[in-house]
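Input: a single structure, listed below in C-alpha cells.
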Amino acid sequence: MTFKIATWNINSVRLRRGLVEKLIAQESPDVICLQEIKCRDAEFPGGAFRMLGYEQQAVSGQKGYHGVAILSRIPLENVNKREFCGIGDARHISVSLRANGKMPIDLHNFYIPAGGDIPDREQNQKFGHKLDFLDELALWIEKDRLAHERAILVGDLNIAPFEHDVWSHKALLKIVSHTPIEVEKLNRALGSGPWHDAMRHFVPESEKLYTWWSYRSPDWAAADKGRRLDHVWVSKKLAPQLRGMKVLRDARGWEQPSDHVPVIVEMEI
DNA sequence: ATGGTGGTCCTACCA
C-alpha cells in the first residue's frame, strides 16, 4: 500500500483545529504527527479528529507549552513517551504502525527544544538544553538501534542543517537553528548512521527548501526568509520505498496560520 | 543593530 504521512508544528492545536481539518480534507494522510499542541492530554480535540477517521491517537501533552501527538487511520501499538534531560517536557512520542499484516513500522515524533537566542551554553541555558537533548538523542539512537529495520522519525527538530535549508547561510551561521555545533550534533544523531533524509531524497542539497517562516515578517512570502526546521527521516531499509514528498507552503498563507507548514511524505509499506 | 509577531494564560515566558 502507498502510505502517506504528514508532520506539522501546529502551534496550538486548539486554536488551529480547523487548519488540521483543512489539511485532512486536502491531503487525507494516513498518519499525522503534530508538535506544539500546547495543551494537556484531556484538552486535546481528539473527538473532532476521530470523526474524520483518525480513530487511533497517541497524545503527550502538557499545560501551555510543547506537546506532541500522532493521529492515525492505521492501528497503533506500543505507545511510548521518552523524557529527555530529566525534565518533564512533552517532546517525544513513539508508536508502532501495524499496516496490512507486515512487520510494524516504528514511528518517532519529536519536538526538539528551540534553544533560545544566544548560541552559547554559558550565557543561555536553553541553548545548553538543546545541545544536551541532541547528545541524548544520538546516544539513544545508537544504543537502542532505533532505525535497525522499518522506522520513521519526524518532527520539528529546530535545526536547518544544510546551507540551502536557510535563506542565507552566511547570515545565519550564528543564529540558533543553523550554528555549526547544532548541525554537527544533529548529524551525529541522524546524518551518519542508518537514517535517510526523506526530504533531501527528493530535493537536491543545492536547492532552497523551507518549512518555517517567522511571524515577525509581515511580507513572509515576498521576503521568503525561511528555514527547514521540520524533518522526515526514514531507516535506510525504507529508503527505496519512498515515492514522493511535498512541503505545503500554501498553508503559511492560510487564515491565522502556524509559522510552520506541513511536510508530507509518501512511501510503499 | 534592532525590532518585528503570535501563543498561553494573566504575568511573564516561550517561540
Side-chain angles (χ1 to χ4, degrees), chain A residues 7-23 33-45 48 59-69 83-85 87-92 109-121 123-134 154-161 165-168 170-179 182-183 186 210-231 247-263:
Chain A
T7 180
W8 195 7
N9 179 320
I10 193 63
N11 188 18
S12 172
V13 71
R14 289 177 295 173
L15 193 66
R16 288 185 240 286
R17 193 191 89 198
L19 297 191
V20 178
E21 290 168 352
K22 186 168 176 170
L23 170 70
C33 295
L34 299 173
Q35 304 87 34
E36 280 208 273
I37 60 174
K38 291 188 171 175
C39 64
R40 302 177 182 95
D41 291 9
E43 297 162 334
F44 186 77
V59 180
S60 179
Q62 72 182 79
K63 184 182 177 181
Y65 301 104
H66 321 316
V68 289
E83 182 186 328
F84 282 79
C85 304
I87 49 180
D89 286 354
R91 293 184 178 275
H92 165 266
N109 179 16
F110 279 96
Y111 175 51
I112 290 184
D117 287 332
I118 303 166
D120 177 345
R121 72 184 313 153
Q123 293 178 60
N124 171 14
Q125 280 190 355
K126 290 200 282 270
F127 192 69
H129 177 222
K130 184 178 197 175
L131 299 182
D132 292 344
F133 192 107
L134 289 163
V154 306
D156 176 3
L157 305 188
N158 266 315
I159 298 173
D165 288 338
V166 296
W167 63 275
S168 166
K170 199 175 165 210
L172 275 81
L173 268 172
K174 291 180 179 170
I175 301 297
V176 173
S177 72
H178 194 61
T179 65
E182 293 169 80
V183 172
L186 184 71
Y210 313 140
T211 65
W212 172 89
W213 293 262
S214 173
Y215 282 129
R216 296 176 190 177
S217 171
D219 58 342
W220 71 271
D224 201 21
K225 293 183 172 178
R227 305 179 203 169
R228 182 170 73 109
L229 303 180
D230 303 276
H231 291 245
V247 175
L248 290 194
R249 183 187 166 102
D250 287 357
R252 186 62 179 77
W254 290 354
E255 196 178 338
Q256 202 172 24
S258 169
D259 45 355
H260 296 252
V261 299
V263 179

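No hydrogens, no waters, no symmetry mates; every other heavy atom, side chains included, goes into these values. It should be emphasised that the depicted structure is a prediction, and the values quoted were computed from it without experimental measurement.
- Counting to the nearest Å, the C1' atom of dA15(B) and the CD1 atom of I112(A) are 15 Å from each other.
- Residue Q62(A) has no polar side-chain atom (N or O) positioned under 4.0 Å from OP1 or OP2 of dT8(B).
- A close approach under 4.0 Å does occur between a side-chain nitrogen or oxygen of S12(A) and OP1 or OP2 of dT8(B).
- For the OP1/OP2 pair of dC14(B) and a distance below 4.0 Å, the side-chain nitrogens and oxygens of K126(A) include at least one atom meeting the criterion.
- Taking atom CG of residue L19(A) and atom P of nucleotide dG7(B), one finds them 11 Å apart after rounding to whole Å.
- Y65(A) is linked by a ring pair (Phe, Tyr, Trp, His ring centres under 6.0 Å) to nothing, counting only residues two or more places apart in sequence or in another chain.
- The gap from the P atom of dG3(B) to that of dG7(B) amounts to 22 Å, rounded to the nearest Å.
- Looking at heavy-atom distances under 4.0 Å, R16(A) makes contact with sugar-phosphate atoms alone, never a base.
- One interatomic measurement links the two molecules: CD of E43(A) to C1' of dC9(B), which rounds to 11 Å at whole-angstrom precision.
- In this structure, H178(A) atom NE2 and dA15(B) atom P are separated by 20 Å, rounded to whole Å.
- Spacing of P atoms, dC14(B) relative to dA1(B), comes out at 26 Å, to the nearest Å.
- Ranked by how close their nearest DNA chain B nucleotide is to the 5' end, H260(A) and G64(A) are led by G64(A).
- At whole-Å resolution of the value, CG in N9(A) and P in dG6(B) are 16 Å apart.
- Remark: P of dC9(B) and CG of L15(A) are 11 Å apart, rounded to the nearest angstrom.
- Comparing dG6(B) with dT2(B), their P atoms sit 23 Å apart, to the nearest whole Å.
- For E36(A) (side chain) and N11(A) (main-chain N/O), no donor-acceptor pair under 3.5 Å exists by modelled atom type.
- Under a cut-off of 6.0 angstrom, the local environment of CZ in R121(A) is crowded, with over 12 non-hydrogen atoms contributed by other residues, nucleotides or ligands.
- Considering only side-chain atoms of Y215(A), the nucleotide from dG4(B), dG6(B), dT8(B) that sits closest is dG6(B).
- No donor-acceptor distance shorter than 3.5 angstrom exists from the side chain of R228(A) to the backbone of T211(A), with no hydrogens or angles considered.
- A 3.5 Å limit on both hydrogen-bonding distances identifies dG7(B) as the Watson-Crick or G-U partner of dC13(B).
- Distance CD1 (I10(A)) to P (dT8(B)): 11 Å, rounded to an integer number of Å.
- Taking only side-chain atoms of R14(A), from C-beta outward, the nucleotide of dC9(B), dT5(B), dC14(B) with the closest atom is dC9(B).
- Between R252(A) and D224(A), none of the side-chain N atoms (NZ, or NE/NH1/NH2) sits under 4.0 Å from a carboxylate O, so this pair counts as no salt bridge.
- For the pair K63(A) NZ and dG7(B) C1', the computed distance is 14 Å after rounding to whole Å.
- Within the nucleic acid shown, R91(A) comes within 4.0 Å of sugar-phosphate atoms alone, with no base atom in reach, counting heavy atoms only.
- Of the C1' atoms belonging to dA15(B) and dC9(B), the separation is 16 Å, rounded to the nearest Å.
- Ring geometry for F110(A) against F133(A) counts as perpendicular: the plane angle is over 60°, on a 0 to 90° scale with 30° as the lower cut.
- A gap of 26 Å separates the P atoms of dC10(B) and dG4(B), to the nearest Å.
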